[in-house]
Amino acid sequence: MRRRREWPILKSPGEIEAMKEAGRVSALALRQVGKAAKPGVSTWELDLLAEEVIRSEGGVPAFKGYGGFPGSICASVNEQIVHGIPSKGTVLKEGDILSVDTGAIVDGWVGDNAWTYAIGEIDDDRRRLLEVTEACMWAGIDAARVGGRLGDIGYAVQSLAESCGLGVVREYVGHGVGRDMHEPPNVPNYGRRRTGMELCAGMVIAIEPMINLGTHKTKAMPDGWLVCTRDGKPSAHFEKTIAITEDGPVLLTVEPERRRPL
């Protein structure tokens, strides 16, 4: 039996406009958590802050209860790649890096984004990892053009990361976003140019490189959520939800303090 292809759920211009509010709330929560992430603060405290921000803005935390996940944010420290559960016992210290992923639901639409923050002063390797991973995200966004292919996005991310000697996570990828947090298609951070699904106006996707300082190989932890690097070296994660339009990619999870023209 032939496997059915999963097609993206295209959004109208009005629906894309409506999604911006969920994106704004999710970005605001992410920004506030980033400001509060300092040595001596626990990831549990950051989780409480994110939920307070999201609910005060009229949203609902998209992650809380999703598949049984207990937190409002994913908080992943150092070698932790994604899906770290916030905890009173995880207290940030000088030199850490912290990946924060926030999601908000507003009027039935989802906004999903992530950023990796330096906790105090970090070493040169970690600083370079953050800089390259953020650049990989922007490269992937720039490649999200009508008439292009999913492989163009993956190639843009992978070629930049690997040219800098960094590992690109394969097992966890970006995805479509809409009424559900995870919609088709999957958006890998690796690939070949001019391959994969054609990109068209109305697609809304999360582009989220997960880049490791060492090997690309991962290790799933016993709690069923947390994923770490196989070699124990640090990992970074940056994510934006974007809409693909005839005029180019449009950021939906907007951070006014770090707005970048496309």
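Excluded from the calculations below are hydrogen atoms, water molecules and symmetry mates; all remaining heavy atoms, backbone and side chain alike, are included.
- Taking both residues in full, the closest heavy atoms of V33 and A50 are given as CG2-CB, 3.7 Å, listed atom of the first, atom of the second, then distance.
- Looking at T43, its side chain does come within 3.5 Å of a backbone N or O of S87 through a donor-acceptor pair.
- Between atom CE of residue M137 and atom CD1 of residue I211 there is a gap of 11.5 Å, rounded to the nearest 0.5 Å.
- Between the Q80 side chain and the V77 main chain, a donor and an acceptor come within less than 3.5 Å of each other.
- Side-chain contact check for P249 versus R145: some heavy-atom pair is nearer than 4.5 Å.
- Of all heavy-atom pairs between A144 and L199, the closest is CA-CD1, 3.9 Å.
- Using a cutoff of 4.0 Å between basic side-chain nitrogens and carboxylate oxygens, R24 and E57 are scored as salt-bridged.
- Between T90 and S42, every side-chain heavy-atom pair lies at or beyond the 4.5 Å cut-off.
- Two residues are said to be in side-chain contact when any heavy atoms from C-beta on lie closer than 4.5 Å; P8 and P185 meet this criterion.
- Here the OG1 atom belonging to T102 is positioned 11.0 Å from the CD atom belonging to Q32, to the nearest 0.5 angstrom.
- Under the ring-ring contact (aromatic ring centres under 6.0 Å, His included) criterion, Y190 pairs with no residue at all, not counting sequence neighbours.
- Checking side-chain atoms of K240 against main-chain N and O of A114 turns up no donor-acceptor pair under 3.5 Å.
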Subject >> Worked check of side chain to side chain donor-acceptor pair (under 3.5 Å) between N212 and T229 >> reply: CA-CA 7 Å; N212 301 340; T229 59; 5.8 Å; no
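- One distance of note links CG of L129 with SG of C136; it measures 9.5 Å at 0.5 Å rounding.
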Original post:
After noting the C-alpha distance and the side-chain angles of L92 and K38, does the key distance pass the side-chain contact (heavy atoms from CB on, under 4.5 Å) rule?
Top reply: CA-CA 7 Å; L92 302 173; K38 300 180 186 301; over 6 Å; no
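- Salt bridge absent: D124 and R127 never bring a charged side-chain N and a carboxylate O closer than 4.0 Å.
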**OP:** Take D112 and E239 through the side-chain contact (heavy atoms from CB on, under 4.5 Å) test and state the conclusion after the steps.
**Re:** CA-CA 8 Å; D112 185 10; E239 175 187 21; 2.9 Å; yes
**OP:** Show your working on side-chain contact (heavy atoms from CB on, under 4.5 Å) between L252 and I242 and close with a plain yes or no.
**Re:** CA-CA 5 Å; L252 300 184; I242 69 161; 5.7 Å; no
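- A salt bridge is absent between D231 and K217; no separation between the charged side-chain nitrogens and carboxylate oxygens falls under 4.0 Å.
- When atom types are taken as modelled, the side chain of D180 and the backbone of E183 share no donor-acceptor pair closer than 3.5 angstrom.
- A 4.5 Å side-chain heavy-atom check between Y66 and M181 finds at least one atom pair inside the cut-off.
- Considering only heavy atoms from C-beta on, I85 stays 4.5 Å or farther from D47 through its side chain.
- Shown here for K93 and I119, the closest heavy-atom pair between the two residues is O-CG2, 3.4 Å.
- One finds the OG1 atom of T133 at 10.0 Å from the CG atom of N189 (value rounded to the nearest 0.5 Å).
- Summarising the geometry of L130 relative to A118, their closest heavy-atom pair is CD2-N, 4.0 Å, with the distance given to 0.1 Å.
- Taken together through direct or relayed side-chain contacts under 4.5 Å among Ile, Leu, Val, Met, Phe, Trp and Tyr, L10 and I205 form part of one hydrophobic cluster.
- Under a hydrophobic clustering in which Ile, Leu, Val, Met, Phe, Trp and Tyr are joined whenever their side-chain heavy atoms come within less than 4.5 Å, directly or via other members, V157 and I141 fall into the same cluster.
- Using a 4.5 Å heavy-atom cutoff, the side chains of I97 and I122 are in contact.
- In terms of modelled atom types and a separation under 3.5 Å, the side chain of R230 and the main chain of K219 share no donor-acceptor contact.
- Closest of all the heavy-atom pairs between G84 and L226 is CA-CD1, 3.7 Å.
- Between the NE2 atom of H83 and the OG atom of S99 there is a distance of 9.5 Å, given to the nearest 0.5 Å.
- Residues W115 and H237 fail the side-chain proximity criterion, which asks for heavy atoms closer than 4.5 Å.
- Looking only at side-chain heavy atoms (C-beta outward), R192 and Y155 stay at 4.5 Å or farther from each other.
- No donor-acceptor distance shorter than 3.5 angstrom exists from the side chain of D125 to the backbone of R128, with no hydrogens or angles considered.
- Heavy-atom contacts from other residues, nucleotides or ligands closer than 6.0 Å to CZ of R194 number more than 12.
- Partners of H175 by ring-ring contact (aromatic ring centres under 6.0 Å, His included), not counting sequence neighbours, listed by chain and number: H182.
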Original post:
For L48 and E45, what are the C-alpha separation, side-chain angles and deciding distance, and is it a side-chain contact (heavy atoms from CB on, under 4.5 Å)?
Top reply: CA-CA 5 Å; L48 293 180; E45 292 172 278; 5.6 Å; no
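- A salt bridge does not link E79 with K233: every distance from a Lys NZ or Arg NE/NH1/NH2 to an Asp or Glu carboxylate oxygen is 4.0 Å or more.
- For R170, the CZ atom is densely surrounded, since the number of other residues' heavy atoms within 6.0 Å is greater than 12.
- Exactly one residue among E198, K11, M197 makes a side-chain contact (heavy atoms from CB on, under 4.5 Å) with M203. That residue is M197.
- Nearest heavy atom pair, residue E94 against residue P39, reads OE1-CG, 3.5 Å.
- Under the rule for a ring-ring contact (aromatic ring centres under 6.0 Å, His included), the partners of W225 that lie at least two apart in sequence or sit in another chain are F69.
- Screening D101, T253, T241, N113 for a side-chain hydrogen bond (donor to acceptor under 3.5 Å, both in side chains) with S26, the sole residue that qualifies is N113.
- Atoms OH and NZ, on Y117 and K35 in that order, are 9.5 Å from each other to the nearest 0.5 Å.
- Residue D107 places its CG atom among 12 or fewer non-hydrogen atoms of other residues, nucleotides or ligands, all under 6.0 Å distant.
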